[in-house]
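The block underneath contains the structure these notes are about, expressed in structure tokens.
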Amino acid sequence: MKKIIILTTVLLFTACTSLLAQQQEALEKYQANRAKLNLTEEQEQKVKSIDSVYLTGLEGLRKEGGSKIAKLRKFKDMTAAKDQQMKTVLDKEQYKTYQAQQKEMKEAVKNKRRQR
């Protein structure tokens, strides 16, 4: 019984450590992408607000039931709304950089899915 408890504890610790590392990597990538945009203080506040609303919506989408197709449609609508808001906050060069970052992230997601 003790062996099972110890093994479970070790596995849980390993899983948590891996998850924290992934979250840290995602945060660093997010911060690097934001730094590339060269945002002003005003833009930074607006982008944080847009991201906050978007991430809250994504969390709700994960938790809600329904078909995958319905969730995909909502995800696309949310992403399009975010992009439209970003377009109003960023200048033309910043928005081009933002679009390139979004394209790069989509490709990374596609590559991850292919590896599965």
Side-chain angles (χ1 to χ4, degrees):
M1 185 68 174
K2 286 182 182 180
K3 288 181 181 181
I4 293 173
I5 293 172
I6 291 171
L7 181 61
T8 303
T9 304
V10 169
L11 289 174
L12 183 60
F13 178 75
T14 303
C16 288
T17 304
S18 175
L19 180 61
L20 288 174
Q22 288 174 355
Q23 288 176 339
Q24 182 65 29
E25 182 181 332
L27 179 61
E28 288 171 1
K29 199 173 214 180
Y30 171 81
Q31 290 171 339
N33 282 343
R34 289 295 172 248
K36 289 178 187 175
L37 292 176
N38 296 320
L39 300 173
T40 65
E41 280 294 317
E42 183 181 347
Q43 287 175 319
E44 183 71 35
Q45 294 304 317
K46 289 179 181 179
V47 168
K48 281 183 181 180
S49 176
I50 292 167
D51 284 343
S52 177
V53 170
Y54 180 71
L55 292 174
T56 301
L58 285 181
E59 188 63 31
L61 191 60
R62 280 189 207 117
K63 290 180 180 178
E64 86 179 29
S67 70
K68 287 185 179 183
I69 293 173
K71 286 183 177 184
L72 180 62
R73 285 184 185 141
K74 283 185 181 180
F75 172 75
K76 286 184 177 188
D77 290 344
M78 289 170 42
T79 302
K82 178 187 176 199
D83 288 347
Q84 193 62 35
Q85 290 174 326
M86 292 294 281
K87 192 173 189 176
T88 64
V89 172
L90 304 176
D91 65 31
K92 288 182 181 183
E93 286 302 314
Q94 289 172 323
Y95 190 70
K96 284 181 186 179
T97 302
Y98 169 75
Q99 285 180 314
Q101 291 170 348
Q102 296 302 305
K103 186 176 180 180
E104 186 178 302
M105 287 191 323
K106 285 179 186 178
E107 289 299 318
V109 169
K110 283 182 184 179
N111 289 337
K112 260 188 175 179
R113 286 186 180 155
R114 288 181 189 149
Q115 290 176 355
R116 290 183 184 176

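These numbers come from a predicted model, not from an experiment.
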Please identify each residue that fulfils salt bridge (charged side-chain N to carboxylate O under 4.0 Å, His left out) with [X], with sequence neighbours left out.
X: Asp51; value: Arg34, Lys82
X: Arg62; value: Glu59
X: Lys74; value: Glu64

Subject >> Stepwise side-chain contact (heavy atoms from CB on, under 4.5 Å) check, Leu72 with Lys68 >> reply: CA-CA 6 Å; Leu72 180 62; Lys68 287 185 179 183; over 6 Å; no
With sequence neighbours excluded, what pairs up with [X] under the side-chain hydrogen bond (donor to acceptor under 3.5 Å, both in side chains) test?
X: Lys87; answer: none
X: Asp83; answer: Tyr98
X: Glu41; answer: none

**OP:** Indicate the atoms forming the closest heavy-atom contact of Val89 with Gln43, along with that distance.
**Re:**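 So the minimum-distance heavy-atom pair works out to O-NE2, 3.1 Å.
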Subject >> Cluster overlap Tyr54 with Met86, hydrophobic side-chain contacts below 4.5 Å >> reply: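 They do not share one cluster, since no chain of ILVMFWY contacts under 4.5 Å joins Tyr54 to Met86.
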**OP:** Indicate yes or no for a side-chain donor-acceptor contact from Thr56 to the backbone of Ser52 under 3.5 Å, with no hydrogens or angles considered.
**Re:**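 Indeed, once roles are kept as given, a pair shorter than 3.5 Å links the two residues.
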**OP:** Would you indicate whether Glu104, at its atom CD, is surrounded by more than 12 heavy atoms from other residues, nucleotides or ligands within a distance under 6.0 Å?
**Re:**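 Open.
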Original post:
Can you tell me if NZ on Lys106 sees more than 12 non-hydrogen neighbours from other groups inside 6.0 Å?
Top reply: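 No - once you tally the heavy atoms of other residues, nucleotides and ligands closer than 6.0 Å, there are 12 at most.
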**OP:** Rounded to the nearest 0.5 Å, what's the gap from NZ on Lys46 to CG on Leu90? Could you check?
**Re:**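 Going from NZ on Lys46 over to CG on Leu90, the span is 10.5 Å.
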